[in-house]
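Side chains are part of it too, since the values below use all heavy atoms of this structure and drop only hydrogens, waters and symmetry mates. The structure presented is a predicted model; accordingly, all values stated were derived computationally and were not measured.
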Amino acid sequence: MVNLGTGKTLIAKAIAGEAGVPFISMSGSEFIEMFAGLGASRVRKLFEKAKKMAPCIIFIDEIDAIGSRRTSNSGAESENNQTLNQLLVEMDGFETNETVIVLAATNRPEMLDKALLRPGRFDRQITIPAPDLNGRFEILKLHSKDKKLSDDVDLKAIAGDTAGFTGAELSNVLNEAAIIATKERHEKIQNEDIENAVRKITVGLEKHNRVISDKDKKLTAYHEAGHAVISRFLPTQEDVKEISIIPRGVAGGYTMYKTTEDKYYVSRTELLEKMIALMGGRAAEKLVLNEISTGASNDLEVATGIARDIITIYGMSDSLGPISLKIDQAYELELFGEEVINEVGNQIRMLIDNSYVTAQKILNEHREELDRVANLLMEKEKITAEEFDKIFEEFN
Ligand code: ZN
């Protein structure tokens with residue numbers, strides 16, 4: 001499980017509650033802040049206790065504190081390695097009839113020692129993204145239960161102003177608002193106290209580029225709407241499953257498609273239409289904002305890769321014909337001479353240009369639908385297949 005303050009402990013507790021079993025929780029840092037050798041013995045004791053209580057769930061928060069990649073053998077790190085090794089021994093030592101489930105959480109999954117992620121250990125991973133608008137509203141409601149709020153407080157509006165905030169940060173907003181209210185000698189927390197708290201926390205978050213400006217939100221909304229609207233008009237492309245402009249990892253947003261069947265073969269039309277759909281993000285940015293962004297870099301990389309494969313691997317180019325060219329092997333390319341090499345480049349560029357032009361044409365023809373989808377995205381941040389389809393039904 002990843003992501004800072006998204007409620008990992010709450011989720012782990014909820015799982016234990018659902019399963020109706022006891023829950024033992026420990027933080028990775030508790031194993032480390034100890035004298036030599038104690039970390040490993042504490043791991044052993046934790047598992048002994050769990051086996052006695054079984055069925056039960058062990059939850060280790062901040063597993064990266066013990067589970068970081070094993071490195072050198074000096075001092076604290078060697079102590080760390082002993083603790084990690086003990087953890088691996090305990091996890092491997094489970095009998096098949098033992099009903100102890102181990103959950104762990106980290107904000108830095110890329111740091112984890114690979115041994116931890118092998119089958120039989122932590123072999124399932126769940127990523128918990130930051131909450132959407134409705135999620136934030138619910139979290140704010142939850143955390144304001146034990147606080148006195150003035151009647152003018154509009155939690156829905158506050159939720160709208162806190163795109164990109166995690167659960168922990170939202171809880172922090174209300175705590176900060178309570179402090180501000182006390183300083184201002186307000187009997188109850190006023191709406192402006194919360195707004196001031198949001199502002200204060202935003203300054204902290206902006207340093208990490210975590211808060212999304214309205215301008216970025218609009219750009220992302222049109223970018224994703226561009227992909228989704230275009231694929232709707234391409235017969236070979238899968239239906240849209242979900243569109244989101246909530247940042248996830250390095251991406252500002254995403255468009256998810258339904259996968260219907262496993263395919264053995266892919267037709268040329270399907271590859272070309274895939275390229276058009278990929279160009280939809282950039283084309284929408286250009287059409288609506290008359291500006292293009294770096295947000296399309298991955299789309300372009302994928303589209304260019306498809307174009308290259310169409311020409312050099314699948315031999316689907318009209319001018320070069322059914323030929324397989326290993327373009328990463330210079331000596332083999334040399335066989336065909338400069339003329340062929342130039343033609344490969346020209347053909348790739350032509351495919352890219354054509355797909356971009358087609359993408360722009362489709363969006364021009366369906367500008368109204370594009371606006372509707374983008375506006376709904378800006379409002380709700382995440383839309384489902386049903387909400388997406390509904391927009392188009394009204395145009396039929
Ligand atoms: Zn894109």
Side-chain angles (χ1 to χ4, degrees), residues 1-18 59 61 103 105-107 109 124-147 149 153-178 189 191 194-195 197-202 204-206 208-214 216-221 223-225 228 240-256 373-388 390:
M1 295 187 193
V2 290
N3 225 324
L4 200 67
T6 44
K8 293 163 305 205
T9 315
L10 285 177
I11 288 173
K13 265 189 202 155
I15 293 171
E18 278 288 310
F59 175 61
D61 199 3
L103 296 176
T106 179
N107 294 316
R124 298 220 181 133
Q125 291 187 49
I126 307 167
T127 306
I128 305 174
D132 63 3
L133 178 67
N134 205 31
R136 294 197 299 274
F137 179 51
E138 294 297 327
I139 291 168
L140 285 168
K141 274 203 293 199
L142 187 77
H143 287 297
S144 59
K145 259 190 193 154
D146 56 347
K147 294 187 172 61
L149 299 187
V153 169
D154 183 355
L155 289 182
K156 193 108 215 182
I158 302 289
D161 291 341
T162 47
F165 278 51
T166 63
E169 283 153 6
L170 292 169
S171 148
N172 207 359
V173 163
L174 289 168
N175 290 335
E176 192 63 46
I189 298 174
N191 201 56
I194 304 185
E195 282 173 359
V198 169
R199 236 165 266 141
K200 192 174 166 195
I201 289 166
T202 305
L205 295 179
E206 262 171 8
H208 310 283
N209 277 326
R210 291 264 319 284
V211 170
I212 311 144
S213 70
D214 284 349
D216 282 352
K217 204 169 166 179
K218 187 173 177 188
L219 184 104
T220 313
H223 180 106
E224 296 306 329
V240 168
K241 186 178 171 194
E242 184 179 285
I243 320 167
S244 161
I245 57 166
I246 303 164
R248 183 192 259 190
V250 286
Y254 58 86
T255 300
M256 223 155 49
V373 174
N375 284 333
L376 192 62
L377 264 175
M378 281 185 270
E379 184 194 316
K380 303 192 70 172
E381 293 177 4
K382 190 158 138 185
I383 58 182
T384 60
E386 293 74 38
E387 289 166 318
F388 179 71
K390 200 163 165 266

Rounded to the nearest 0.5 Å, how far does [atom2] of [Y] lie from [atom1] of [X]?
X: Phe137; Y: Leu142; atom1: CZ; atom2: CG; value: 12.0 Å
X: Tyr254; Y: Ile245; atom1: OH; atom2: CD1; value: 11.0 Å
X: Lys390; Y: Thr384; atom1: NZ; atom2: OG1; value: 10.0 Å

On a heavy-atom basis, which atom in [X] and which in [Y] lie closest, and how many Å separate them?
X: Leu140; Y: Leu174; result: O-CD1, 3.5 Å
X: Ala374; Y: Ala225; result: N-CB, 3.9 Å
X: Ala177; Y: Ala197; result: N-CB, 3.6 Å
X: Lys217; Y: Gly160; result: NZ-O, 4.4 Å
X: Gly167; Y: His143; result: O-NE2, 4.2 Å

- Item | Partners meeting side chain to side chain contact (heavy atoms under 4.5 Å, CB included) with Ile243 (sequence neighbours left out) | Glu224, Ala228, Val240, Thr255, Val373, Leu377, Ile383, Phe388

- Message: Just to verify, what does Asp132 make a side chain to side chain contact (heavy atoms under 4.5 Å, CB included) with, not counting sequence neighbours?
- Response: Asn134, Ile246, Glu381, Lys382

Without swapping roles, check the side chain of [X] against the backbone of [Y] for a donor-acceptor pair under 3.5 Å.
X: Glu169; Y: Thr166; value: yes
X: Arg136; Y: Thr162; value: yes
X: Glu176; Y: Val173; value: no

- Task: Indicate yes or no: at least one non-hydrogen side-chain atom of Pro131 is less than 4.5 angstrom from one of Ile139.
- Result: yes

- Query: Would you call Ile158 and Asn191 a side-chain contact if the rule is heavy atoms closer than 4.5 Å?
  - Reply: yes

- Item | side-chain contact (heavy atoms from CB on, under 4.5 Å) between Lys380 and Leu133, worked out | CA-CA 6 Å; Lys380 303 192 70 172; Leu133 178 67; 5.7 Å; no

- Test Lys141 against Glu138 for salt bridge (Lys or Arg N to Asp or Glu O under 4.0 Å), laying out the working first. CA-CA 5 Å; Lys141 274 203 293 199; Glu138 294 297 327; 3.4 Å; yes

- Task: Please list, chain by chain and in numerical order, all residues satisfying side-chain hydrogen bond (donor to acceptor under 3.5 Å, both in side chains) with Lys147, sequence neighbours excluded.
- Result: Asn175

